[in-house]
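First the proteins, then the strands, lettered A, B, ... as listed; each starts at 1.
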2 protein chains.
Amino acid sequence: MAENNSRREIILQEAAHLFREKGYQATNLRELAKRSGIQGGSIYHHFASKQEILFQLMDHTMTDMIDSLSAAIRSSDCPAEKLRRAVHFHIEYHITGPDQTYITDDELRNLEPDNYLKVIAKRDRYQQIIEGIFRAGKEQQSWRVTDIKLFTRALIQMCAGVSSWFSFDGPLTIADIADQYADMLCQGLFER
Amino acid sequence: MAENNSRREIILQEAAHLFREKGYQATNLRELAKRSGIQGGSIYHHFASKQEILFQLMDHTMTDMIDSLSAAIRSSDCPAEKLRRAVHFHIEYHITGPDQTYITDDELRNLEPDNYLKVIAKRDRYQQIIEGIFRAGKEQQSWRVTDIKLFTRALIQMCAGVSSWFSFDGPLTIADIADQYADMLCQGLFER
DNA sequence: GTCTATAACTAGATAGAC
DNA sequence: GTCTATCTAGTTATAGAC
């Protein structure tokens with residue numbers, strides 16, 4: 001999101017925070033404006049509607065997730081290592097950007113039809129990248145993955161959930177958790 | 001929820017449906033009333049407020065989940081079998097009662113403080129039952145569970161997510177999915 | 001680019017008739 | 001137990017001044 005402190009960026013940031021805390025519907029633009037240092041009506045100089053703010057937030061997050069995941073796994077050729085990195089990335093991204101990711105996971109139903117389709121398409125792209133890792137593992141290392149989509153969904157869901165309880169003061173680092181989850185997924189993949 | 005077709009029950013059922021579809025905040029009581037076959041104002045003969053409807057729904061669901069999970073694992077003494085049954089139960093319950101469970105997982109932030117504490121307490125009870133299975137496995141069968149809470153959360157999150165994509169027309173039955181997920185969790189538990 | 005004022009609307013909740 | 005009518009408050013979005 002290019003640390004640009006334009007008012008537009010400030011509004012998006014504060015919106016992410018409020019949408020997560022209260023939900024999209026329960027967030028009112030007067031409070032969003034106040035937190036962004038302006039008056040209610042001024043929001044409309046930057047965005048056409050509340051819906052547009054939600055869409056921009058989700059669309060940007062999905063794009064960033066696709067790019068970052070791709071970059072994270074690009075430098076390895078080993079499917080098992082790619083999987084470990086994907087788990088690590090997915091957990092870390094959800095913890096470091098909890099507002100954006102929570103909204104992107106959770107506010108789909110509040111998108112208007114057109115926007116919904118656009119965001120869903122990117123979400124599918126993201127899933128396909130992870131499915132590709134399982135497919136490569138199956139072909140190159142004979143992983144015992146009976147259903148690739150099933151494993152992909154399990155991975156995404158259990159990793160995304162970490163951010164709901166993770167604490168930086170807690171006993172486990174992000175890397176600890178990522179390693180344990182990656183192990184948990186990998187244990188069953190190899191013949192024994 | 002004792003298939004009692006009193007108006008109260010109808011309202012609760014329709015509310016579960018609407019809350020899931022649109023979210024608690026976005027659901028308006030006039031539409032809920034209409035779907036329940038009455039006029040807006042009549043809701044208040046059955047419930048004191050919109051909040052009370054949400055709370056009743058969540059509280060009842062949590063109570064039922066605790067009772068049903070307890071019953072499902074009671075008849076076995078083997079931790080691995082208990083785990084398999086817990087996975088199966090959690091997935092199946094989320095699929096067969098998707099409205100209720102979705103809400104219970106997702107609308108916590110819309111509960112008023114008192115109600116929140118009550119529901120959270122029951123949710124913790126539910127988690128502790130599953131933690132108990134891992135603890136027993138560790139003691140009786142030397143499972144390699146480094147962090148019981150971590151595994152419990154992974155289990156709950158990945159199983160709950162199934163209902164978001166499951167289809168009765170799809171290739172997999174609930175039992176198929178449950179078995180695969182249980183395997184996935186169990187593979188790593190035993191020394192090799 | 002931000003302000004103030006306000007229009008147009010919607011929602012939760014109440015009251016009293018039947 | 002349900003209806004109709006209404007109160008009250010809060011919301012998104014617009015318009016025009018600065």
Side-chain angles (χ1 to χ4, degrees), chain A residues 1-59 103 107-116, chain B residues 1-59 103 107-116:
Chain A
M1 197 162 287
E3 258 329 319
N4 170 352
N5 261 21
S6 68
R7 180 118 295 154
R8 192 188 143 90
E9 294 301 326
I10 294 173
I11 294 170
L12 283 172
Q13 228 167 65
E14 294 295 332
H17 191 73
L18 282 170
F19 288 169
R20 183 191 185 187
E21 195 175 299
K22 320 182 135 195
Y24 172 72
Q25 297 273 357
T27 298
N28 79 69
L29 297 185
R30 282 178 185 80
E31 188 179 354
L32 172 56
K34 202 171 134 196
R35 290 223 205 181
S36 306
I38 53 178
Q39 292 299 312
S42 305
I43 296 263
Y44 292 88
H45 177 73
H46 303 280
F47 298 94
S49 65
K50 187 180 174 183
Q51 170 74 199
E52 199 207 324
I53 299 176
L54 179 63
F55 172 67
Q56 292 294 342
L57 224 37
M58 292 178 72
D59 188 64
I103 293 159
E107 294 284 7
L108 277 169
R109 65 184 161 190
N110 283 314
L111 286 173
E112 288 164 7
D114 280 6
N115 294 336
Y116 178 82
Chain B
M1 198 163 283
E3 259 328 318
N4 171 353
N5 260 22
S6 67
R7 179 118 292 154
R8 191 188 144 91
E9 294 301 326
I10 294 173
I11 295 170
L12 283 172
Q13 231 168 60
E14 295 294 332
H17 191 72
L18 283 170
F19 288 170
R20 184 193 185 188
E21 197 174 299
K22 321 182 132 198
Y24 172 73
Q25 297 271 357
T27 298
N28 77 70
L29 296 185
R30 282 176 181 81
E31 186 180 356
L32 173 55
K34 202 171 133 195
R35 289 222 204 182
S36 307
I38 51 178
Q39 293 298 313
S42 305
I43 296 261
Y44 292 88
H45 177 73
H46 303 280
F47 298 94
S49 66
K50 187 180 176 183
Q51 170 74 199
E52 199 207 324
I53 299 175
L54 178 64
F55 172 67
Q56 292 293 340
L57 226 37
M58 292 178 72
D59 189 64
I103 292 158
E107 293 284 7
L108 278 167
R109 67 181 163 193
N110 284 313
L111 287 172
E112 288 164 7
D114 280 7
N115 293 336
Y116 178 82

Quiz prompt | Closest to side chain of Arg7(B), choosing from dC3(C), dT2(D), dG12(C) | solution = dT2(D)
Practice problem: Return the value, rounded to whole Å, for the distance between atom CG of Leu54(B) and atom P of dG12(C). | Solution: 13 Å
Quiz item: What's the verdict on side-chain contact (heavy atoms from CB on, under 4.5 Å) for Asp59(A) and Asn115(A), showing C-alpha distance, side-chain angles and the deciding distance?
Solution: CA-CA 9 Å; Asp59(A) 188 64; Asn115(A) 294 336; over 6 Å; no
Quiz prompt | CD1 on Ile11(A) to CG on Leu18(A), rounded to 0.5 Å | solution = 12.0 Å
Quiz item: When we call it a touch if two heavy atoms are under 4.0 Å apart, what does Thr27(B) touch: a base, just sugar-phosphate, or nothing?
Solution: sugar-phosphate
Exercise. For Glu52(A) and Ala48(A), indicate whether the former's side chain and the latter's backbone hold a donor-acceptor pair under 3.5 Å.
Key: yes
Quiz item: Within this structure, what is the CD-to-C1' distance between Gln25(B) and dT10(C), rounded to whole angstrom?
Solution: 14 Å
Self-check item: Nearest-nucleotide pick for Asn28(B), side chain only, options being dA11(C), dA13(D), dT11(D)
Solution: dA11(C)
Exercise. Among the candidates dA13(D), dC3(D), dA11(C), find the nucleotide nearest to the side-chain atoms of Ser42(B).
Key: dC3(D)
Quiz item: Between dG10(D) atom P and Lys50(A) atom NZ, what is the distance in whole Å?
Solution: 15 Å
Self-check item: Reported CD1-to-CD1 distance for the pair Ile38(A) and Ile43(A), which is rounded to 0.5 angstrom
Solution: 4.5 Å
Quiz item: Choosing from dT2(C), dC3(D), dT12(D), which nucleotide comes nearest the side chain of Gln39(B)?
Solution: dC3(D)
Self-check item: Length of the line joining Glu112(A):CD and dT12(D):C1', which is rounded to integer Å
Solution: 13 Å
Quiz prompt | Rounded distance in Å - NE2 (His46(A)) to C1' (dC3(C)) | solution = 12 Å
Quiz prompt | Residue whose nearest DNA chain C nucleotide is more 5′ - Gly40(A) or His45(A) | solution = His45(A)
Practice problem: Using atom CD1 of Ile43(B) as one end and atom P of dA11(C) as the other, report the distance to the nearest whole Å. | Solution: 13 Å
Quiz item: Side chains of Glu107(A) and Asn110(A): donor-acceptor distance under 3.5 Å anywhere?
Solution: yes
Quiz item: Should Tyr44(B) be listed as having a side-chain N or O under 4.0 Å from OP1 or OP2 of dT14(C)?
Solution: no
Quiz item: Atom CG of Leu32(A) to atom P of dG10(D): distance rounded to whole Å?
Solution: 18 Å
Quiz item: For the side chain of Leu29(A), counting heavy atoms from C-beta on, which of dA13(D), dG12(C), dT2(D) is nearest?
Solution: dA13(D)
Quiz item: Hey, does the side-chain of Arg30(A) have a donor or acceptor N/O within less than 3.5 Å of a partner on the base of dG10(D)?
Solution: no
Quiz prompt | Selection from dG12(C), dC3(C), dT2(D) that lies nearest to any side-chain heavy atom of Ile38(A) | solution = dC3(C)
Self-check item: Atom pair distance, as rounded to whole Å: OH in Tyr24(B) and C1' in dA11(C)
Solution: 12 Å
